[in-house]
Each structure stands twice: as structure tokens, then as C-alpha cells.
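Letters A, B, ... mirror the listed sequences (proteins, then strands); counts begin at 1. Below, each value reflects all heavy atoms present in this structure, side chains not excepted, and no hydrogens, waters or symmetry copies.
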Number of protein chains: 2
Amino acid sequence: MSAARIAVQRLSDTIAHELERRILDGALKPGDRLQPERELAAELGVSRPSLREAIQKLVSKGLLHSRQGGGTYVTDRLEAGFTDPWGDMLQKHPNLQADLLEFRAMLESEAAALAAKRATDADLERIGEAYARVEALFAEGPSARVFEEQVKADLAFHQTIAEAAHNVMFGHLTASLFRVTHEHIDLNLRHLRRLEEDWLRLRDQHAAIWEAVRSRDADAARVAVRRHIAFVEESMQARAQHEARESRTQLIRRMEKAESH
Amino acid sequence: MSAARIAVQRLSDTIAHELERRILDGALKPGDRLQPERELAAELGVSRPSLREAIQKLVSKGLLHSRQGGGTYVTDRLEAGFTDPWGDMLQKHPNLQADLLEFRAMLESEAAALAAKRATDADLERIGEAYARVEALFAEGPSARVFEEQVKADLAFHQTIAEAAHNVMFGHLTASLFRVTHEHIDLNLRHLRRLEEDWLRLRDQHAAIWEAVRSRDADAARVAVRRHIAFVEESMQARAQHEARESRTQLIRRMEKAESH
DNA sequence: GGGTAGTATTTGGTCAGACCAATGAAGGAG
DNA sequence: CTCCTTCATTGGTCTGACCAAATACTACCC
């Protein structure tokens, strides 16, 4: 079935590999500008389309970026890490974000309910500590200085609750969803920074969740989390309206144009 | 300042975005074959090189793969990112099965509830067909002759409902869990084969689920699925008692055998 | 009639050359 | 000297062609 899978390699893959090698070897340093496409294609002995396919692969990986008329450059912050497929899919497809939030609403509310039932004293202590950290950081208000820490503390709080559900599925799924959603939550919290009122509501919601779990009230925990995520969803929709619509219009125009032929 | 940063979007990015959308929307399902490049390019009103750049981006992301002369296909392990880590752990640690069932109870009951609310007429038709297939096969009773088909039909029924929830998370997760659990469900159904009474109950449960979804009763659907899975869990525990000794015996034999070398 | 080898078609892979559009530096006007 | 125009540079896109692998089809042979 998958016997001859290794066989041929696409030329664009070979080129992309070669460019990656040059970057990793230091021949191309972050911030450096690549040779013009025509020139580089000639040097590698390949056609420009093939070279371009390779470049686009690396662009989508985040290793290169190019400006029309300007040139192609090696990304200057390589340490930013790889962008995983799900990650940027989330940024570009708003309906996926909605799906994910809906899923999280179910996952985390149920996890909180289970945690309320099953948490050991040690679990409650951990959750309490996580909550205290969140509360302490959020008490400083929308401050850019501690923003990154606020996000981390927020995630850690939810994660700790999920782990107290004592079901590995909940723990692992929550963790992997957080990994995917991280920068996304980041954006959202950043958006909330300026709105003092929303900020206070967030703190109330955290407090309600913690209180419900601590008093072992499963139903209250479920409701509190659902309310929290509903609020997040609401604020996200508000932000979405602000953001300009994707220029998918461009594609539509082309499709119409194609149809008119 | 940050206004002109976004500037224009590369055409290949727009195309890649459109293809991703089709995949997420379900217009292109995992395993599906894309139209030929020339044809697709014409439909989108773009040139083949531009389309190719987009395809190569998605290939490098692992969303597509293409074989020269064969065609371009949507990768069928979209959800691998979530499943991979604990995929084989589940097989090694059977005690995690309880966790998985608990998770499935939540996932599928919620999916059924959403499906009851959101299913289109086409969805209901698909679910109805899936149910009819299940019912027809189960009507033959515990017969080894059609056993494998019964398992498949059963899974397809649940999967169809999950997809009718119109949330990619539910669809993908359900599919990936089924893949992990397949041989497990297989074992369980096989165990139920002999017990005529249990077999009838299974049919009743399927009927209840289908009826709840068809009548768009979200709460009833949720309850029906939870009851179904609770029943499965119950029967699994019964089976576990039977097989625990047996497998332990086999393991001990192996250990003795190994020691004797 | 059925299976098989050989051919034809489909389809992704690659190439060449051209034109467009954004960029940015050189050169001219004030 | 500053600002604006101009134009070569360079990425972005298109057309059309040919190659190679996979597949579909046909005709031949048993």
C-alpha cells in the first residue's frame, strides 16, 4: 500500500530542504535577504515556478516572508517556533473558533462538574493556589506589564480544574486545546484589556467557578463555566465585527470573472 | 502604524484559505480526491501555478497529499494532532477505557443534542438511512455472518449524528475516538452476541436515539445517548471480569516462557 | 468468455517566457 | 537641501507547453 511512498521527491520539496539547510547552516541568517527569485532559480538550476512553490512552503511555515517589489527575507524571530496547522487555521476561520468555543464550553463545564465531585483535598489546594495567582495578577487590572503572566495564570487555573476531574481524557484534551488556542486567548484577553467593566466580570466569573468547585457543587460549577465561556464568546463576536472581513472577496471576484467567460 | 501591515494578500494564500474552508465545511472530506488541477484552477478563476503554490502550502501543512498521475487527496488523519499522544496509551492501559467511555458519554450525548437542534433535512435523511441500515443488520440477530458489518453500521450511525451537530470538533473527535476504540467496540459487541436480551436492548436504545433526534428533542437525545453508553459500560464491566483472568493467565504464561529462555 | 498485455488518456510535475504591480533608489525640479 | 518624479528591480501572476507517473481502456490471446 504505502510501499513506494518514499520513491520520488517533489522538486519543490528538495529546494525547500536546501533553503532550510542554508538557513540552519547560517549561510542565511535571520533578517537576511534572499537573492532575487530569477537569480536563485538559475543558481539552483530550477525553474522559477518550482522555486516559488518551495518559497511559499517556507513562507507558510513562517521561515520566510516576502514583499512584492521588496524581496524575500528570512524571518528574524526564528525562535517563535513552528506554527502548527490547527493554530493558524483557527486565526483564519472564524467559524472554527466558534466551534472550538462551543466544544470548550462542553468540555470544561463537564470537567468542572466532575472536579467538584471528585477533587481530593490536594486537588482543591492546588486549584485554590491557581485561583489565588490569577486573582492576584488580575487585581493589577489591564496592565501590559503582567499581561503575559495573566494569560498563563488563567490557563493554568482552568487546566488545574480539568486535571481534578480525574479523567485523563479531559486533562489531555484540555491541555492540547489550550496549546492550540493559546495565542487566540491571548488576542482576546488583549482586547478586553481596555474595558474595565468586562475585566471585573472576568474576575467575578473566575471567583464563581472556584467557589462552586470548592463547595463541591457540580451543577453550579457547570453553570459557572458555561457562563464564563459564553461571556468570552460574546466578547469575541464583538471583536470579530471590528476586524475587517477577509479579502475572500478577491477570490469571489475571480470566480465570477471566470464564470462570465 | 499597524494599519498598512497587512497590505495585500497573496493569491495563493487566498486559494489555500478557500481550500481549507472547503475541508472544514465538509465539502471536502478526509480521503476525498480533489478535482484535477487544471479543472480546479478554472473553477476558481486562477492560473495553475497559483493553485499549485496553494496546494503545496497545504501539502507542507499535512492537509493534502498528491501523487503524480494519481491525483490530490485530503489527508485522512486530520485529527491526528489530538489523538497521537494518547492513541497507543489507551491500548496499553485498559483501565483508561473507563475514562474514555465517560468522555464518550459526554461527547456523543452533547453531539446528539446539538444534532437534534441543528440537523438539516438532508442530515436527518442521512441519519435515518444509517439507522435503517443498523436496524436491518441487527434484525438478523447475533450472527457471525454479518457481525463486522453490524459494527461498521453502528459506528456509522453514531458518526452521522456527530456530523449533524455541525461542529467540526465533534465530528473529528468522534471519528478519531472511534478509530482508537474500534477493536474495542468490536470486542464488546462480540460479547453481547450471545445474550438475546441485551441485543434487544441495544436495538431499543438505537431506536430511542434516532427517534429523539428526528423529533428534534435535544434533551431526549442527550438522555438516550447517555443511557446507551451507560449500558455499554455496564456490559463492559461484566465482560472485564470474564476476561481479566484469561488475559492475566496468558501474560503469566508468556512471562514464564520468557524466563525459561 | 475471461484474463492479460499493450496502448491511450488523465493528471500531477516542471519548464520557459511574458506582463503586471509594488518597491525603492537615482535623478530632476523647486 | 527637500520633495517629487522616474525607472530599474523584484515579487506576483498568467499562458502554454512538454514530461512522467498513474489509470482507464482496448484488443489480443488463451
A:L40 CG - D:dT9 C1' separation (whole Å): 16 Å
List the residues meeting side-chain hydrogen bond (donor to acceptor under 3.5 Å, both in side chains) with A:T72, not counting sequence neighbours, and say none if there are none. none
Polar atom pairs between nucleotides 15-18 of chain D and protein, under 3.5 Å, N or O only, would you list them?
{"residue": "D:dA17", "atom": "N6", "partner": "B:R48", "partner atom": "NH1", "Å": "3.3"}

Side chain of A:Q68, base of C:dA21: donor and acceptor closer than 3.5 Å? yes
In terms of side-chain heavy atoms of B:R52, which of C:dG13, D:dT10, D:dT13 is nearest? C:dG13
Residues in side-chain hydrogen bond (donor to acceptor under 3.5 Å, both in side chains) with A:S47, at least two apart? A:S50
A:E18/A:R22 salt bridge by N-O under 4.0 Å criterion: yes
Just jot down the salt bridge (charged side-chain N to carboxylate O under 4.0 Å, His left out) partners of B:E135, sequence neighbours excluded, or say none. B:R203
Tell me: OH of A:Y73 to C1' of D:dT9, nearest whole Å? 12 Å
Rounded to the nearest angstrom, tell me the gap between atom CG in A:D13 and atom C1' in C:dG12. 13 Å
Assign each of B:Q56 and A:R67 to its nearest nucleotide of DNA chain C by heavy atoms, then name whichever residue's nucleotide is nearer the 5' end. B:Q56
Could you give the CD-to-P distance, from A:E53 to D:dC14, as a whole number of Å? 14 Å
Of all residues at least two apart in sequence or in a different chain, which pass the ring pair (Phe, Tyr, Trp, His ring centres under 6.0 Å) check with B:H228? B:H158, B:H206
Go through the steps to decide whether B:K61 and B:E20 satisfy the test salt bridge (Lys or Arg N to Asp or Glu O under 4.0 Å), and finish with yes or no. CA-CA 11 Å; B:K61 275 192 194 174; B:E20 283 176 352; 2.7 Å; yes
In this structure, how many angstroms lie between the P atom of D:dT13 and the CZ atom of B:R10, rounded? 8 Å
Gap between atoms CD and C1', on B:E37 and C:dT14 respectively (whole Å): 11 Å
State whether A:S50 places a side-chain N or O below 4.0 Å from either non-bridging phosphate oxygen (OP1 or OP2) of C:dG13. no
side-chain N/O A:S66 vs D:dT10 OP1/OP2, d < 4.0 Å: no
Nearest-angstrom distance from the residue atom CZ of A:R33 to P of C:dG24: 9 Å
Phosphate OP1/OP2 of C:dT11: any B:T72 side-chain N/O under 4.0 Å: no
Report the distance from atom CD1 of B:I55 to atom C1' of C:dG12, rounded to the nearest whole Å. 9 Å
With sequence neighbours left out, write down each residue that passes ring pair (Phe, Tyr, Trp, His ring centres under 6.0 Å) with A:F103, or none if nothing qualifies. B:F170
